[in-house]
Amino acid sequence: MEIKSLLQKPWIYNLGIFLIIASILTWVLSPVVIPFLPLSSKVKAISITSSLVIGEVIFWIGALMVGKEAAKKIRKSFNPKSWKNKIVQKRSDRED
């Protein structure tokens, strides 16, 4: 998405994109960072679980703001399974 077209979108769309990105960061960082904090095991387990639930809720709020198609596209781009398909497709384009 170009910067010019992103600035022309309504502020609610931009907020939705921000929420989706924040939720993905929450999903990735919470299980990596929280285990190394000086907390008891019970608090760590509750913190990880609650941050994952909060991240999912934030994602769906952002998805409502940007629309179903945009949310699906963003989520697919952050899926590591789709990264391999993109690499294979780029290689086949270069060979042609």
Side-chain angles (χ1 to χ4, degrees):
M1 200 179 280
E2 293 182 20
I3 294 174
K4 187 176 181 180
S5 66
L6 189 60
L7 293 176
Q8 292 174 349
K9 298 284 184 179
W11 66 272
I12 197 138
Y13 181 86
N14 293 335
L15 179 63
I17 294 290
F18 174 77
L19 289 176
I20 290 173
I21 292 171
S23 73
I24 292 170
L25 289 175
T26 303
W27 264 89
V28 171
L29 292 179
S30 65
V32 174
V33 173
I34 292 175
F36 297 108
L37 295 176
L39 304 169
S40 68
S41 297
K42 187 184 289 186
V43 174
K44 287 179 186 179
I46 292 169
S47 299
I48 291 172
T49 305
S50 61
S51 66
L52 293 177
V53 170
I54 290 169
E56 190 70 21
V57 170
I58 289 172
F59 174 81
W60 286 108
I61 291 171
L64 288 173
M65 291 180 176
V66 298
K68 186 170 83 171
E69 293 83 18
K72 186 186 277 188
K73 187 175 181 180
I74 292 169
R75 193 168 219 179
K76 186 179 178 183
S77 69
F78 281 104
N79 187 355
K81 291 180 183 178
S82 66
W83 295 346
K84 185 177 180 181
N85 295 336
K86 288 179 184 178
I87 292 171
V88 170
Q89 186 178 11
K90 285 181 182 179
R91 286 183 184 166
S92 66
D93 289 344
R94 288 182 191 163
E95 292 173 358
D96 293 339

| request: Any chance you could measure Ile20, atom CD1, to Ile61, atom CD1, to the nearest 0.5 Å? | output: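 The CD1 atom of Ile61 is 11.0 Å from CD1 of Ile20, to the nearest 0.5 Å.
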| query | Rounded to the nearest 0.5 Å, how far does CG of Leu15 lie from CE of Met65? | reply |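 Result: 4.5 Å between the selected atoms.
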| query | Where do Gly62 and Leu19 come nearest, in terms of heavy atoms and distance? | reply |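 Heavy-atom minimum between the residues: CA-CB, 4.0 Å.
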Enumerate donor-acceptor pairs with a distance under 3.5 Å from any side-chain N or O in residues 25-41 to protein atoms, sequence neighbours excluded.
unit_1, atom_1, unit_2, atom_2, d
Thr26, OG1, Ala22, O, 2.8
Trp27, NE1, Glu56, OE1, 3.4
Ser30, OG, Thr26, O, 2.8
Ser30, OG, Ser51, OG, 3.1
Ser40, OG, Val43, N, 3.4

| request: Determine whether Ile17 and Ile24 fall in the same hydrophobic cluster, where Ile, Leu, Val, Met, Phe, Trp and Tyr are linked whenever their side-chain heavy atoms lie under 4.5 Å apart. | output: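 Same cluster.
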| query | Knowing that exactly one of Ile48, Ile54, Thr49 qualifies, which makes a side chain to side chain contact (heavy atoms under 4.5 Å, CB included) with Leu52? | reply |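 Option passing the side chain to side chain contact (heavy atoms under 4.5 Å, CB included) with Leu52: Ile48.
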